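Just so it is clear: chains get the letters A, B, ... in the order the sequence lines come, proteins before strands, and each one is counted from 1. Being a predicted model, the structure only gives us computed values, none of them experimental.
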Amino acid sequence: AQTVTQSQPEMSVQEAETVTLSCTYDTSESDYYLFWYKQPPSRQMILVIRQEAYKQQNATENRFSVNFQKAAKSFSLKISDSQLGDAAMYFCAYRRGGANSKLTFGKGITLSVRP
Amino acid sequence: GAVVSQHPSRVICKSGTSVKIECRSLDFQATTMFWYRQFPKQSLMLMATSNEGSKATYEQGVEKDKFLINHASLTLSTLTVTSAHPEDSSFYICSAEDLDSYNSPLHFGNGTRLTVT
């Protein structure tokens, strides 16, 4: 079974600084996708970034980037130039490739941003 | 972009009554929808996978007779919490897979906050 582990329950970062959120996963599949979702207090699920397992290049989306280490099964999220609006719960998630495939979430991490 | 509409956003019901939550894909067809449950400050836990025209697949530990799922069309799945009790109070959120691009990220509804008194 696939598992996603986020071992840090909380993190704090100073505004404008950089923070890295950790995630590891376990799978025996070769075709899969990894995601980071942001969930603000509104509880809406917002896709932050997505990584295809077959791609060696790390995904980036503006201030958000990932460090995808396939052999180590590690998928960390780096937030640069942190902003107050980045404060939220962040979930790492895994999804096997193909149809009818569910998302498996990690426990999440609460990120606070200090002004 | 693809939109999933989930209603109601909030509902309060009395213990023993049933509540229906709707999840609609507005601009795409979804053969598969997923229902999650989330307690405060916890992760999303998959309850069941809903497939159009067939019975839902429930995760281990989820009572299928209590959480009835119907996926009668390619754009609508419903979750009915039957004989609700206070311990069923939670945040329920659905997500949908686009039939035409199943390897795209799932699209999420905005969730339903259920309070059972």
All pairs passing salt bridge (Lys or Arg N to Asp or Glu O under 4.0 Å) where residues 17-32 of chain B contributes a residue, at least two apart: B:Glu22-B:Arg24
Co-membership, hydrophobic cluster, residues B:Leu68 and B:Val81, 4.5 Å side-chain: no
B:Met45, CE atom: more than 12 neighbouring heavy atoms under 6.0 Å: no
Minimum heavy-atom distance between A:Leu103 and B:Tyr36, given as atom pair plus value: O-OH, 2.9 Å
Side chain, backbone, both or neither of B:Glu59 within contact of chain A (heavy atoms, under 4.5 Å): side chain
same_hphob_cluster(B:Val4, B:Tyr92) at 4.5 Å side-chain heavy-atom cutoff: no
Which portion of B:Leu44 sits near chain A, non-hydrogen atoms under 4.5 angstrom: both
Shared hydrophobic cluster, A:Leu77 / A:Val113 (ILVMFWY, side-chain heavy atoms < 4.5 Å): yes
From B:Gln38 atom CD to A:Phe91 atom CZ, the distance as rounded to the nearest 0.5 Å: 5.0 Å
A:Asn100 vs B:Thr49 side-chain heavy atoms within contact, under 4.5 Å: no
Members of residues 45-68 of chain A whose heavy atoms come closer than 4.5 Å to chain B: A:Met45, A:Leu47, A:Arg50
Proximal to chain A - members of residues 109-117 of chain B, heavy-atom separation under 4.5 Å: B:Asn110, B:Arg113
B:Leu79-B:Leu76 co-clustered via ILVMFWY side chain contacts under 4.5 Å: no
B:Phe34 reachable from A:Tyr33 in the ILVMFWY side-chain graph, under 4.5 Å edges: yes
Those residues of residues 34-43 of chain A, ordered by number, that approach chain B below 4.5 Å (heavy atom to heavy atom): A:Phe35, A:Tyr37, A:Gln39, A:Arg43
Top of A:Arg96, A:Lys102, A:Gln6, A:Met89 for chain B proximity - count of heavy-atom pairs under 4.5 angstrom: A:Lys102
Check: B:Ser43 side chain, A:Gly108 main-chain N or O, donor-acceptor pair, under 3.5 Å: no
